[in-house]
Amino acid sequence: MHALLVDDSRTMRSLLGRMLRDLGFEVVEAVHGVDALERLPHCPDLDVALVDWNMPGMDGLELVRALRAERRFAELPVMMVTTESDAHSVVRALMAGADEYAMKPLDREGLHDKLALLGVLPEGP
């Protein structure tokens, strides 16, 4: 399984990347939306993308819209992983094309549960 992890925080990429690897994913990391788009042509088939909201250059909402505009990634499960917690932000992310929304900090069990909701992982521990 392959995951795209996009977050400008090195610490968050390290934490989420480790959890994803523990769950069996090969992880491609990007520091912002533009970096992610530049890496996509060289990525193997992706199973999921985890995208931070607040990033320089191209934020998470812009990246989600760009992914949805690409035929290859139109159906890719996308989860926003962010500190934005208000209901308006959740709605904006879902309307932009995100499939799921998770609040930071996210632990391994929470990540597994969200990935299971997306159908990327089986349910259970």
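Computed over heavy atoms, backbone and side chain alike; hydrogens, waters and symmetry mates excluded.
- Counting heavy atoms from C-beta on, the side chains of Thr82 and Tyr101 come closer than 4.5 Å.
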Practice task
Show your reasoning for whether side chain to side chain contact (heavy atoms under 4.5 Å, CB included) applies to Val28 and His2.
Solution key: CA-CA 8 Å; Val28 174; His2 298 89; over 6 Å; no

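- In this structure, Met79 and Leu117 have side chains that are not in contact, with every pair of non-hydrogen atoms separated by 4.5 Å or more.
- Across Met80 and Val64, no two heavy atoms sit closer than the pair SD-CG2, 3.8 Å.
- Connection of Leu106 to Leu121 is established within a shared hydrophobic cluster, with ILVMFWY side chains joined at heavy-atom distances below 4.5 Å, either directly or through further cluster members.
- If you chain together hydrophobic residues whose side chains sit under 4.5 Å apart, Met103 and Val78 fall into the same group.
- Tested against Glu29, the residues Arg18, Arg13, Arg39, Arg10 include a single salt bridge (Lys or Arg N to Asp or Glu O under 4.0 Å) partner, Arg13.
- Minimum heavy-atom separation, Pro77 to Asp99: CA-OD2, 3.2 Å.
- Evaluated for a side-chain contact (heavy atoms from CB on, under 4.5 Å) with Met12, the options Leu50, Asp7, Leu5 yield exactly one hit, Asp7.
- Residue Phe73 is grouped with residue Leu94 when hydrophobic side chains (ILVMFWY) are merged at heavy-atom distances under 4.5 angstrom, including chains of intermediate members.
- Heavy atoms only, all atoms of each residue included: His112 and Pro122 are closest at CE1-O, 3.0 Å.
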Practice task
Please report the C-alpha distance between Leu16 and Met19 in whole Å, then the side-chain angles of each, then the deciding distance to 0.1 Å, and finally whether the side chain to side chain contact (heavy atoms under 4.5 Å, CB included) criterion is met.
Solution key: CA-CA 5 Å; Leu16 286 173; Met19 286 189 275; 3.6 Å; yes

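- Closest approach of Leu63 and Ala36 over heavy atoms only: CD2-CB, 4.0 Å.
- Residue Val90 is grouped with residue Trp53 when hydrophobic side chains (ILVMFWY) are merged at heavy-atom distances under 4.5 angstrom, including chains of intermediate members.
- No continuous path of ILVMFWY side-chain contacts below 4.5 Å connects Leu37 to Val31, so the two sit in separate hydrophobic clusters.
- Looking at Leu115 and Leu20, their side chains come closer than 4.5 Å, going by heavy atoms from C-beta outward.
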Exercise for the section: Before giving the answer on side chain to side chain contact (heavy atoms under 4.5 Å, CB included), spell out for His32 and Met58 the whole-Å C-alpha distance, their side-chain angles and the decisive distance to 0.1 Å. Expected result: CA-CA 6 Å; His32 51 66; Met58 175 186 277; 5.7 Å; no

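- Rounding to the nearest 0.5 angstrom, the gap separating the CD atom in Glu26 from the CE atom in Met1 is 10.0 Å.
- Here Lys104 contributes atom NZ and Asp52 contributes atom CG; the two are 3.5 Å apart, rounded to the nearest 0.5 Å.
- The structure places CG of Asp45 at 10.0 Å from CG of Leu76, a figure rounded to the nearest 0.5 Å.
- Residue Leu15 holds its CG atom at 11.5 Å from CG of Asp107, rounded to the nearest 0.5 Å.
- Within 6.0 Å of atom CE in Met95, 12 or fewer heavy atoms from other residues, nucleotides or ligands are found, so the atom counts as exposed in its surroundings.
- For the residue pair Ala93 and Leu61, the shortest heavy atom distance occurs at CA-CD2, 3.6 Å.
- Between Gly60 and Met55, the shortest heavy-atom contact is N-CE, 3.6 Å.
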Handout entry: Worked check of side chain to side chain contact (heavy atoms under 4.5 Å, CB included) between Leu67 and Leu40
Key = CA-CA 10 Å; Leu67 288 171; Leu40 286 176; 3.5 Å; yes

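- The existence of a salt bridge linking Asp86 and Arg92 is excluded, since no basic side-chain nitrogen approaches an acidic carboxylate oxygen closer than 4.0 Å.
- Between the CZ atom in Phe25 and the CG atom in Leu46 there is a gap of 10.5 Å [rounded to 0.5 Å].
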